[in-house]
Amino acid sequence: MNNKYLSLKTVVAFNIISVFLLTLFIINNFLVSNQIFQPIDIRIFNLIFGLFIVLLNVLDIFIIRELFNHIKKDYMYKLKQIELINMREMNDLVREQRHDLLNHMQIIYGLLKLKKYDRLEEYLLEFGKETEKLKPLVNTGVPEVDILLQFKINKALRLNIDVDLTIKCKIDNLKINPFDLNKILSNLLDNAIDATLELEEDKRFIGVNMFQTPMDYIFTIENSCKLLEKHTLNRIFEKNFSTKGTSRGMGLYIVKKIVEKNNGEITVDSAYDKVIFTVMFPKN
Amino acid sequence: MQKLSLVEFFIFSFPEALIITIFILALCGLKINYFKIVSIGFIVSFSAFLIRPYINSFLLNVFVYDLIMIIVIYLFIKNYLFNIFCSVILTSCIYISVENFNIQTIMYFLKIPAESIIKNMSIRLFAFITQILIMIILFLIVRKLNFTIIDFEDENDI
């Protein structure tokens with residue numbers, strides 16, 4: 001991080017000095033033409049000056065390259081962090097399943113021994129559904145988004161939330177960077193999970209849809225929730241506004257800011273027992 | 001360069017250093033008391049006043065002036081050397097650009113040569129006042145819109 005700041009500072013310093021020298025150079029030329037405040041041999045001054053400006057500009061190229069390398073490394077580091085979180089989550093799930101597997105095997109063996117085949121079939125069916133949760137589901141075309149969605153879906157499933165994921169297209173033409181897109185989806189999905197957890201288990205539902213029109217990519221995230229009043233919906237993107245209590249209410253505000261920063265649009269709708277957030281981004 | 005008289009020092013150099021100091025501090029986002037601002041302005045302008053007769057080039061004069069400004073402000077603030085450095089250089093660019101633009105405008109509209117602006121005290125005063133007014137307007141814009149130079153410690157970007 002310190003290196004990044006150092007490079008950034010160097011770039012700023014070099015640029016400021018370049019601008020300063022260029023300004024002086026131009027103004028000095030005006031003064032030369034009027035023979036004001038000039039040494040006797042101005043040519044040597046101009047030569048040194050010109051060389052210095054060229055040198056600074058050439059050095060600027062290397063420094064900016066170095067800076068971009070730092071930014072790239074920083075980006076990769078963040079990406080690895082997301083991957084690591086997801087791997088830990090998956091690892092926990094696998095360990096949980098392995099722990100249960102022995103118990104399952106014992107029960108299957110017991111049912112087989114007792115020749116209770118109907119019960120055994122029911123049990124295996126239920127077991128099959130449980131293991132489905134570990135199947136990789138997501139393929140949006142953006143690995144960062146896949147990881148995030150996989151992670152959030154697993155989290156929701158473990159909290160006994162029914163999840164419906166529909167991806168009808170692949171993202172291959174979107175201008176927004178994956179980090180911003182992840183911030184948006186992550187905030188919306190966290191909110192959806194929090195909202196559904198307030199309901200009874202059989203009413204918990206989250207739907208994630210992704211599709212495209214000729215002009216836009218559209219993401220919708222819907223979830224079951226308690227009935228939201230109209231004035232709550234109208235204020236939902238306001239800073240510090242929250243239905244979850246004080247010192248909250250930054251998530252959706254930040255989401256809206258990021259969406260607008262990327263020329264997108266976000267809307268919210270509510271009907272009876274569910275709320276739907278729709279995010280649209282123009283294709284690049 | 002021509003030696004300034006004490007009257008010229010108090011009419012031109014000192015107010016010039018004062019507005020430059022205020023502008024630099026605004027760009028830095030630093031707030032210090034008026035006594036310190038006046039002290040910085042006085043020390044810088046007086047140093048420039050003393051050194052000026054020994055420098056025969058505009059370029060060298062600007063370099064020396066900026067160097068004195070950086071050292072004096074840093075001695076008063078005792079921190080933020082990089083920010084002070086950037087602000088001094090930027091302010092210097094802005095100031096001399098405004099000065100150049102101002103003189104060119106006067107030369108164009110009043111149809112007088114640059115030499116007259118330097119030699120004729122009333123035209124010089126007029127040019128100086130308009131320049132100070134422009135700098136004050138720019139300073140107010142910087143202050144109002146909080147145009148401080150980059151804060152490298154701020155990572156709370158959205």
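Labels below follow one simple rule: chain letters A, B, ... track the order of the sequence lines, proteins then strands, and each chain is numbered from 1. As the structure is a prediction and not an experimental result, all values here were calculated from the model.
Salt bridge annotation for B:E8-B:R52: absent, with no cationic side-chain nitrogen under 4.0 angstrom from a carboxylate oxygen.
Here the closest non-hydrogen pair linking B:A127 and B:I117 is CB-CG2, 4.3 Å.
For A:L197, the side-chain contact (heavy atoms from CB on, under 4.5 Å) partners at least two apart in sequence or on another chain are A:L159, A:I161, A:I193, A:R204.
In this structure, A:S186 OG and A:L148 CG are separated by 5.0 Å, a value rounded to the nearest 0.5 Å.
Of the listed residues A:I27, A:I26, A:T23, the one with more heavy-atom pairs under 4.5 angstrom with chain B than any other is A:I27.
Of the two parts of A:L22, neither the backbone nor the side chain holds a non-hydrogen atom closer than 4.5 Å to a non-hydrogen atom of chain B.
Inspection of non-hydrogen atoms places B:S92, B:C93, B:I96, B:S97, B:N100, B:I103, B:Q104, B:M107 of residues 91-110 of chain B under 4.5 Å from chain A.
A donor-acceptor contact under 3.5 angstrom links the side chains of A:D172 and A:Y217, judged on distance only.
Looking at B:F76 and B:L25, their side chains never come closer than 4.5 Å, going by heavy atoms from C-beta outward.
At distances below 3.5 Å, not a single donor-acceptor pair connects side-chain atoms of A:N187 with backbone N or O atoms of A:L252.
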